[in-house]
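For reference, the structure is listed below as structure tokens.
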Amino acid sequence: MERTAVRDLLNREAPLDAVRACGWVRTRRDAKGLSFLEVNDGSCLRNLQVILEGPLAAEPLLRRLTTGSAVAVEGALVASPAAGQRWELRARRLELLGEADPETYPLQKKRHSDEFLRGIAHLRPRTNKYGALFRIRSEAAFAVHRFFRERGFVHLHSPILTGSDCEGAGELFRVTTLREPPPAGGGGENPFAADFFGREAHLTVSGQLEAELFACALGRVYTFGPTFRAENSNTPRHAAEFWMIEPEMAFADLEEDMALAEALVKELVRHLRAHCAEDLELFARWVDPELPARLDLLVERPYERIPYAEAVRILQASGERFEYPVREGGDLQTEHERYLCERHVGRPVFVTDYPKEIKAFYMRVNDDGRTVAAMDLLVPRVGELVGGSQREERLEVLERRMEEAGLPRDRYWWYLDIRRFGTVPHAGFGLGFERFLMLATGVANIRDVIPFPRTPHNLEF
RNA sequence: UCCCCGAUAGCUCAAUCGGCAGAGCGGGUGGCUGUUAACCACUAGGUUGCAGGUUCGAGUCCUGCUCGGGGAGCCA
């Protein structure tokens, strides 16, 4: 008999005489002559209550039906006479597919700490919270593709391996097949001649440069893939491997860039509310009671837009006692960003037009000659969710900026070629997928929104 | 990488001033009941993260290390 997902069984409008359900036992409750089994198969948050009677509710079978064991049950889906569930499965046959020793099975019928569950990341998707989380993650990923597809974007598979050794976005992981690789940066006559690529190779820190090339051919593209940063960052918002969404639009300026970012965040939230209501409810109930109100803030009103210079004035006039003083021309500290977003504006805010000295070489220099057409989207709790800019499309200006940044022009000949042949204004941004999930669920640590987190000294599983 | 905090039963935690290492949950056994965070009784379970030091005596004080959490920097 074919298996039916628990979700489909529980959503039935009418009873069914013969069905087969498979899943993992969450708990068992025994009564006189019968036993109740809660079975979850991951298709939804809810469990299927299975009724065992007669020989099925007798030893020695019963004692082996423990929390965590896997079962296949066949029987009739009938209306439940008791409160708590609409349907239940009256079992005629039960097959114990896999036992789980209750002495050693780590998951108990109780609440576990996130730290503990990180240590058993192979089992944590079997809990209510992480099952819901990863269903939400999957649905959000689908919504990303739908969003861009509906707007005529082409999905670009940008490379994971890169030969660019200084993309200006943090430390890179080196990739080599050599048993004894030469020191980073090399020196002398190509020390990587014997390596696989014959030159120094790394894992990508961004698909942006490649996305720019394709945007200047296909018009509107986006990448959505893993990204790697070898920064020794130990915070709840950083991971060494994370997923980033990077759209890039030809014939677009910073205004359109911000409009796209705002539309994307809003659409993702709306999509999750429409398709993951049950799973989201768990987070509002157990993880973050403020979640529904915060999601309202994300969806309802236009996001604020504040130029950097004005942000500095606001901060200096705030009367707030910051640990680090607000300095014109300097980077905004985390405490400054939080004040702007959470206290001053109270909802997402774009900070734009930063001084060029503190931003990357590829960002377009504004007419004032001092600032660049850059934007950061700051959101409550998570901080920087999006970082983007209009790209420098003027060859001479870009070359000058690269020189100032100390970047070797010859390594980026292809990037510069795009400015030589039919250059056009274009813009794009990067959105941290895990940071979005933190925002959407209220989960406070990035390690808890990615299946198997990679952070300094953590490569288990 | 820097600063702060922590590590005690399977899990979450307690242990006064340095003086016999405990509770709840989970597990096991028995009982009760169309149960649903099930309930009641009994029971097992410990090299107090690792290494060293001070002391008659260390879970407790000191040093180093490992791991974890929070904050900062970097950023998505």
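Letters A, B, ... mirror the listed sequences (proteins, then strands); counts begin at 1.
- For A:Arg63 and B:rU29, the shortest distance from a side-chain N or O to OP1 or OP2 is below 4.0 Å.
- The residue A:Pro102 sits close only to the backbone: its heavy atoms come under 4.0 Å of sugar-phosphate atoms, none of a base.
- Checking the phosphate oxygens (OP1, OP2) of B:rU12, a side-chain nitrogen or oxygen of A:Ser113 falls inside 4.0 Å.
- When atom types are taken as modelled, the side chain of A:Glu460 and the backbone of A:Gly119 share no donor-acceptor pair closer than 3.5 angstrom.
- Within 6.0 Å of CZ in A:Arg305 there are more than 12 heavy atoms belonging to other residues, nucleotides or ligands.
- Put simply, the side chain of A:Thr204 does not reach to within 4.5 Å of the side chain of A:Leu161, judged on heavy atoms.
- Here the side chain of A:Glu115 is nearest to one of B:rG26, B:rG34, B:rG69, namely B:rG69.
- Evaluation of A:Phe433 against the base of B:rA76 yields no stacking contact (centre distance < 5.5 Å, interplanar angle < 30° required).
- Here A:Pro236 lies in heavy-atom contact (under 4.0 Å) with sugar-phosphate atoms only.
- Ion pair A:Arg381/A:Glu342 not flagged as a salt bridge, since none of the NZ, NE, NH1 or NH2 atoms sits closer than 4.0 Å to an Asp/Glu carboxylate oxygen.
- Here B:rU12 is the nucleotide among B:rG69, B:rG34, B:rU12 with the atom lying nearest to any side-chain atom of A:Lys110.
- Comparing B:rA76, B:rG73, B:rU1 by their nearest atom to the side chain of A:Asn232 picks out B:rU1.
- When the nucleotides B:rC67, B:rA38, B:rA76 are ranked by their closest atom to the side chain of A:Arg29, B:rA38 comes out on top.
- In this model, the phosphate group of B:rG27 is not approached by any side-chain N or O of A:Gln108 to a distance below 4.0 Å at OP1 or OP2.
- Base-pairing analysis of RNA chain B finds the following stems of at least three consecutive Watson-Crick or G-U pairs, with both pairing distances under 3.5 Å: B:1-7 with B:66-72, B:10-13 with B:22-25, B:27-31 with B:39-43, B:49-53 with B:61-65.
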